[in-house]
There are 2 protein chains.
Amino acid sequence: MNNSPQRHREHRENIFTQLRSARNGILTKEMKHVAADEGLEPEFVRKEIAAGRMIIPANVNHRNLKPIGIGIAARCKINANIGNSAISSDEGLELKKLCVALEHGADAVMDLSTGCDIDRIRRAIVAACDKPVGTVPMYEAAEMVEKIEDLTVDQLMAVIERHAEQGVDFITVHCGLLRSHIPLAQKRVTGIVSRGGALLARWMKKRGEENPLYTNFDRLLEICRKHDLSLSLGDGLRPGCLADASDSAQFAELETLGELTRKAWEKDVQVMVEGPGHIPFDQIEFNIKKQIELCNGAPFYVLGPLVTDIAAGYDHIASAIGGTMAAYAGASMLCYVTPKEHLGLPAEEDVRQGVIAHKIAAHAADIARGRKGARERDDALSRARFALDWERQFELLLDPKRAREYWESARPEVSGLRSQVCSMCGPKFCAMKLSRELTDL
Amino acid sequence: MNNSPQRHREHRENIFTQLRSARNGILTKEMKHVAADEGLEPEFVRKEIAAGRMIIPANVNHRNLKPIGIGIAARCKINANIGNSAISSDEGLELKKLCVALEHGADAVMDLSTGCDIDRIRRAIVAACDKPVGTVPMYEAAEMVEKIEDLTVDQLMAVIERHAEQGVDFITVHCGLLRSHIPLAQKRVTGIVSRGGALLARWMKKRGEENPLYTNFDRLLEICRKHDLSLSLGDGLRPGCLADASDSAQFAELETLGELTRKAWEKDVQVMVEGPGHIPFDQIEFNIKKQIELCNGAPFYVLGPLVTDIAAGYDHIASAIGGTMAAYAGASMLCYVTPKEHLGLPAEEDVRQGVIAHKIAAHAADIARGRKGARERDDALSRARFALDWERQFELLLDPKRAREYWESARPEVSGLRSQVCSMCGPKFCAMKLSRELTDL
């Protein structure tokens, strides 16, 4: 909607990113849209963007995008990862997963394909998705070579440029993982669990060179600036288990991410910073505060964090728990985790479970942060619940279809009761009914 | 095991509850068992029980019980609710649900049957369950009369006595909901959502009398003392939605629960106190601290709390989020909530989902509280994960069967790879594999 051909041309000529515009005092259509969407003053949104505390990932080439704001002043967002692997899934299935993710409220989608037809799947996803789309260009780059150490900087930059031209709104790039950090990670229980990070570490060790995304960061920024492609500075050294959380490897990289955040801002490039991972519940707040401090308030985009390592099959729950705390402490976007995490690629039902679990986390945190209006939907639901108005409840629930299925299957077969009670309490023990009658006694 | 006929006779003669024994400096078999189970010094367990900060719900008539300790010094426990309603389920299905709950790690089970054959189902559950069993006697009492206001104190006490004689280890009784509290709840969005509370409120209003469980509290304590039946002081005025959280009704009742806790202690009766309910994430810690203060450190047993009202169909997740925070802040036992909460009675799969979600919450909180040894299982899992040792991982996961199903269905059909990779990353993008190889480069 906002990426009209006109804006597209204007942008090409002026090379104005949302960040540059904000700093120049210009209110873009995207900022106004985000302000309306969030119930914030447009001028406030502009200031947040100018300060780097909010980003609007809106590649000028993503034509059908409805822009969103990611930052501490906005509602907490959630991202859903889809994408195939070398041994499963195809374009059709990925588009189905995309639909499920969007239908259930994903605010952004990342295509993490590592298998065949990466380019085609990505183009199909960008075309079909009206929310920001993110990618990890390193995955495609790795597919182009026999061994990762054969990858050249030019090849890698060419992949990134193609993603940018195709309308990808943000890319995860592990620019902050330096050669000097690798030994710190080798003492760990689970080493490097980020795929992008592990590939880069191998590249560095095999070639004896520094991280090419770090040494060529300016070249990367040029590409980003040209298309207003936002950076998601990846945490290649995120802890992959509780034992590795908050260690020297993690924080060494985070310091570099802070340095790169400031560099990107100098070049008008929008940045968010990715975070862990697996973190004990009591260390989450501290981690978020530290990131906000080291990265000067750049929006924090967290994967989980998972609060235990033993929940595979239910990691969406371990992640929703950590995600609520992270968002409450100041994270701006949660990357979902599905029940299949650590075991396989998510299918459609897993995408649904992952999205809803993290919608709950993000929403609970919005309420806990006292965000204006955040609780209105809950209050409306509660009024409908007390009135035993099931249809209104279904309208307001996060997953109306699933709730209706459960309710329908549980309703008693007693005639005359079908619209009122559920099988949970039955007619005699319905507390809502008893409680409503109290006033008449 | 501990409730041998001998102990049974001794108890009957001396009327020694665990609390009386602890105060007399006696280390019971149950205390020793709990100490071994928790990795605590027996003398320390005795002191915690004497102080009222830990209970061992162990009815002398529950012969096959393996006792557990519930308290701030012990691992956080979880309770699974089963039981039929007037319009669904039977004894066979309830016993199946019991098996599912115990298999997946429930520490206690409550039979909340409100339908037919309550007595028979309860006896079957007590006989089949080696974990503490709880009930809400008011449900059965309500079934005995046409209208709840017809219920007499003698009838109610007779039901409680029968539960005690049958070996029920703890009962939820809403003794703290007073007549004067009812108007406070009538200003609420969802009024009184506790079934026991709503029934009692109706009884009081219709009869114009005070809560019979409050006025006859001494009589109740006599029954408890005789069988070492533990009290779970119910929160009849727990908030049923975020809008009602932390209100005057909730806290008025909590003050009364503190008063009753001290009264019970005087009579050597073990007590835990139930808590909300629906609570915004940011108010949970404050609620727990307040309970601990008002009830002199009696163990807190929370239902959820749910951190949003709009998650029906996924309320086990909303509850696990709140439960983690509650347990981290000091709650001693979490009552599970299943995906069917607010919609219908849980089936077997719902019981499994509910139990695992709350095992995650309790375990995450144990780790976050720095409980000794709590993270050992996670660390062992992480070592197995890094080694790609799937069989060892399955041994250590909370739900090995489910994880194996997911993994089996996701494994690539490429020969030679079956024991190593999953379809998540595929062979080329396995970060664990890449990371392990780093040391050899």
Side-chain angles (χ1 to χ4, degrees), chain A residues 85-88 114 189-193 195 198 201-202 205 241-243 280-282 307-314 317-318 320-321 324 340 343-345 356-357 360 363-364 367-368 377-379 381-382 386 397-399 402-403 406-407 410 412 422-424 426 429 431 434-435 438 441, chain B residues 85-88 114 189-193 195 198 201-202 205 241-243 280-282 307-314 317-318 320-321 324 340 343-345 356-357 360 363-364 367-368 377-379 381-382 386 397-399 402-403 406-407 410 412 422-424 426 429 431 434-435 438 441:
Chain A
S85 77
I87 40 191
S88 77
T114 57
V189 173
T190 54
I192 301 176
V193 298
R195 287 182 290 190
R202 184 182 171 93
K205 280 206 92 170
C241 63
L242 300 184
F281 189 72
D282 59 307
V307 292
T308 172
D309 303 326
I310 61 173
Y314 303 80
I317 298 175
I321 292 169
T324 307
K340 292 277 172 65
L343 300 168
L345 279 186
I356 298 288
I360 292 171
H363 180 63
I367 293 169
R377 187 167 162 188
D378 297 73
D379 293 350
L381 185 284
S382 299
F386 193 61
L397 288 170
L398 283 172
D399 190 347
R402 182 57 49 87
Y406 286 169
W407 183 69
C422 59
S423 81
M424 192 153 180
F429 288 91
L434 284 164
S435 188
L438 274 182
L441 297 184
Chain B
S85 77
I87 41 193
S88 77
T114 56
V189 174
T190 54
I192 301 177
V193 298
R195 287 182 289 190
R202 184 182 170 93
K205 280 206 92 169
C241 62
L242 300 185
F281 190 71
D282 60 307
V307 291
T308 172
D309 303 326
I310 61 172
Y314 302 81
I317 298 175
I321 292 169
T324 306
K340 292 277 172 65
L343 299 168
L345 278 186
I356 298 286
I360 292 171
H363 180 63
I367 292 169
R377 187 168 162 188
D378 297 73
D379 293 351
L381 185 285
S382 299
F386 193 62
L397 287 170
L398 284 171
D399 189 348
R402 181 58 47 87
Y406 286 170
W407 183 70
C422 60
S423 80
M424 190 152 182
F429 288 89
L434 284 165
S435 188
L438 275 182
L441 297 183

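Note that this is a predicted model, so its numbers are computed, not measured.
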Heavy-atom pair of closest approach, residues [X] and [Y]:
X: Ser435(B); Y: Thr190(A); result: OG-O, 4.3 Å
X: Ser382(B); Y: Cys241(A); result: OG-CB, 3.0 Å
X: Ile367(B); Y: Pro280(A); result: CG2-CB, 4.2 Å
X: Ala243(A); Y: Asp379(B); result: CB-OD1, 3.5 Å

(request) Rounded to the nearest 0.5 Å, what's the gap from CG on Leu434(B) to CZ on Arg202(A)? Could you check? (result)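 Answer for the CG-CZ pair, Leu434(B) versus Arg202(A), is 7.0 Å.
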
(request) Measure the OH-CG distance between Tyr314(B) and Leu397(A) for me, rounded to the nearest 0.5 Å. (result)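 The CG atom of Leu397(A) is 10.5 Å from OH of Tyr314(B), to the nearest 0.5 Å.
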
(request) State, yes or no, whether a side-chain contact exists between Trp407(A) and Lys340(B) at a heavy-atom distance under 4.5 Å. (result)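 Side chain of Trp407(A) against side chain of Lys340(B), heavy atoms only: no contact under 4.5 Å found.
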
(message) Could you tell me if the side chain of Ile321(A) sits less than 4.5 Å from the side chain of Ile360(B), heavy atoms only?
(response)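 Answer yes - side chains close enough.
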
(request) Please check if the side chain of Lys205(B) supplies one atom and the backbone of Leu438(A) the other of a donor-acceptor pair under 3.5 Å. (result)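 Looks like yes, one N/O pair under 3.5 Å.
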
(message) Taking Asp309(B)'s backbone N and O only, do any of them form a donor-acceptor pair with Asp378(A)'s side chain (distance below 3.5 Å, no angle check)?
(response)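 Side chain of Asp378(A) to backbone of Asp309(B): a pair is present.
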
Report which part of [X] has an atom under 4.5 Å of a heavy atom belonging to chain A: side chain, backbone, both, or neither.
X: Leu381(B); result: side chain
X: Arg377(B); result: both
X: Ile356(B); result: side chain

(request) Return the set of residues passing salt bridge (charged side-chain N to carboxylate O under 4.0 Å, His left out) with Asp399(A) (not counting sequence neighbours), or none when no residue passes. (result)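 For Asp399(A) the salt bridge (charged side-chain N to carboxylate O under 4.0 Å, His left out) partners, ignoring immediate neighbours, are Arg352(A).
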
(request) Name the option with the most non-hydrogen atom pairs under 4.5 Å to chain B; the candidates are Leu398(A), Ile310(A), Asp282(A). (result)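 Counting heavy-atom pairs under 4.5 Å, the top option is Ile310(A).
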
(request) Measure distances from Arg195(A) to the heavy atoms of chain B and classify the residue's part below 4.5 Å as side chain, backbone, both or neither. (result)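 Contact with chain B: backbone and side chain both.
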
(request) Using the test side-chain contact (heavy atoms from CB on, under 4.5 Å), find all partners of Ala364(A) that sit at least two apart in sequence or belong to another chain. (result)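 Here the qualifying residues are Thr324(A), Val307(B).
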
(request) Find the one option among Gly313(B), Ala368(B), Gly191(B), Ala311(B) whose heavy-atom pairs under 4.5 Å with chain A are most numerous. (result)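 Greatest number of close heavy-atom pairs with chain A: Ala368(B).
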
